[in-house]
There are 2 protein chains.
Amino acid sequence: MATPPPGLRERKKQATREALREAALRLAVERGPDQVRVEEIAEAAGVSPRTYNNYFASREQAIVAAITADREARIAAAVTARPATTRLADAVTEAVVEQYTDTGEQARETLLLITAKSALRDAFLDAAAGIEPPLTTVIAERLGDTDPCTARVLAASVAAAVRIALENWLQPSGTTTDARSVGTSGLVVPSGSLPGLLRAALAPLAPAFDAAESPQQP
Amino acid sequence: MATPPPGLRERKKQATREALREAALRLAVERGPDQVRVEEIAEAAGVSPRTYNNYFASREQAIVAAITADREARIAAAVTARPATTRLADAVTEAVVEQYTDTGEQARETLLLITAKSALRDAFLDAAAGIEPPLTTVIAERLGDTDPCTARVLAASVAAAVRIALENWLQPSGTTTDARSVGTSGLVVPSGSLPGLLRAALAPLAPAFDAAESPQQP
DNA sequence: CAGAAAAGATGCGTGTAAGCAATTTTTCGA
DNA sequence: TCGAAAAATTGCTTACACGCATCTTTTCTG
């Protein structure tokens, strides 16, 4: 639509980006998250270490980006895909749950890798904040002429709620670093399934969405 | 209440913390934010550079901490200070506005210093996220038996809204592609006073607070 | 009051984030 | 088609964040 040839320059940038993501994830899975240096990732992707930092601010970002991929854009698309008749709160909630539950097949195993290292955990949680900008756009479209600040606040609140849900999810209740016991069924984890946690975290925001949709001044 | 002698150990920690904050701010004002090295701040405070990083994760954190002080605790206290009869949404809004408007006298000039450097701007915005934990506590107290996750989500949403308000505030004229098209409603507030921006950003969250206060399932 | 335990502070070393200037590559206008 | 402007990549360099081991200081317990 915008650019049938998106520009050769841009394509190479995306190719480099994906090469870095892929290399980072592969090396992290192969030899463990801590046994990977930026220099090696850059070498595997065929660029210089300096270029690596032009794409990712930290070593962990590339790894989580590989499994997160472009989840932000997918969530935004999932919201617009829902019929305009549904409550905005429901549309957003379902879109978020949908895109976070079917994380794919291989991603499931790599997620276990992430939960182990706290540095990766943090990067993973920070990555969740990336849904805010696209969410702002789609929410603003749905709200129409309302103050654009409202859309931003709602989007940011959703991002915060998602983060909280994820925190509760990958919190094995163990203060110690290593708790790899993938318990059978009766885990001590007070948390439930990820979809459930996401819905629980997003539920308190529903009234705010409803109020924003129906312009009434109390 | 807890410890009339808060422990000599803790007092020394706080003293060191304040010495670092003070030294960082003083040096930053004197010679500019970029002409200050961590080593110098540490030396001025009488500790080693390594110790500096035990208190602050980055160089900018110490500077913004000097003017932010313990605003987080003050906001939480301001919320509890309000009578329990007021709407929780109003209590939180007023507490936030109150603690952010009277930034003090000298703080006003140092704020101008902050707005100049983008690195300091980011640190300042990140510092706003610090209000989330204490807010979570006070909100949970007000909500009582409600799901504690709700309190966290609301507190995080408030923190996000505050951040957005601050972003809009210290944004002279959007360098980014900011098409501030004047809506038909004419209620576009590109950049007003800080209290106004804070209220505007927190307003959309009021329905969520109301719903959380009155347990009704629609 | 003394010794043990806990918490800090410090020095050292490594890996990472980022500024700067030079070089190469892509894009755009003549 | 060609040359100039713009953008990206890269090497070099500096400063910073952080883990680890050690030593000192405070606190707790007998």
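The figures that follow rest on heavy atoms only: side chains count, while hydrogens, waters and symmetry mates do not. Please read these numbers as outputs of a predicted model, since none were measured by experiment. Within every chain, numbering begins at 1; the chains are lettered A, B, ... in the order of the sequence lines, protein sequences first and strands thereafter.
Distance B/R59 CZ to D/dT14 C1': 12 Å, rounded to the nearest Å. Taking atom CD of B/E60 as the reference point, atom C1' of D/dA17 lies 12 Å away to the nearest angstrom. Atom CG of A/N54 is separated from atom P of C/dT16 by 16 Å (rounded to the nearest Å). Here the P atom of nucleotide D/dA8 and the CZ atom of A/R17 are 12 Å apart, to the nearest Å. The CD-P distance, from A/Q61 to C/dG15, rounds to 20 Å in whole Å. Regarding B/F56, its CZ atom lies at a distance of 16 Å from the C1' atom of C/dA9, rounded to whole Å. Atom pair B/I41:CD1 and D/dC16:C1' shows a separation of 12 Å (rounding to whole Å applied). Distance CZ (B/R37) to C1' (D/dT14): 9 Å, rounded to an integer number of Å.
Within the 4.0 Å cut-off from OP1 or OP2 of C/dG8, not a single side-chain nitrogen or oxygen of B/K12 is found. For the OP1/OP2 pair of C/dT10 and a distance below 4.0 Å, the side-chain nitrogens and oxygens of B/S48 include at least one atom meeting the criterion. Residue B/R50 has no polar side-chain atom (N or O) positioned under 4.0 Å from OP1 or OP2 of C/dA9. OP1 or OP2 of C/dG8 sits under 4.0 Å from a side-chain N or O of B/K13.
Distances were taken from every side-chain heavy atom of A/N53 (C-beta onward) to each of C/dC12, D/dC16, C/dA18; the shortest belongs to C/dA18. Of all nucleotides listed (C/dA9, D/dC18, C/dG15), D/dC18 comes nearest to the side chain of B/A57. In the set C/dT16, C/dT10, D/dA17, D/dA17 carries the atom at the smallest distance from any side-chain atom of B/V38.
Test A/T136, A/V92, A/T93, A/V153 against A/V158 for side-chain contact (heavy atoms from CB on, under 4.5 Å) and you get one pass: A/V92.
By the 4.0 Å N-to-carboxylate-O rule, A/R199 lies close enough to A/E94 to be salt-bridged with it. A salt bridge links A/E167 with B/R152: at least one charged nitrogen is closer than 4.0 Å to a carboxylate oxygen.
With hydrogens and angles disregarded, no donor-acceptor distance shorter than 3.5 Å links the side chain of A/Y52 to the backbone of A/A57.
The residue among A/E39 and B/P49 whose nearest nucleotide of DNA chain C lies closer to the 5′ end is B/P49.
Within 4.0 Å of B/Y55, counting heavy atoms only, lie sugar-phosphate atoms of the nucleic acid but no base atom.
Shown here for A/L27 and A/A44, the closest heavy-atom pair between the two residues is CD1-CB, 4.4 Å.
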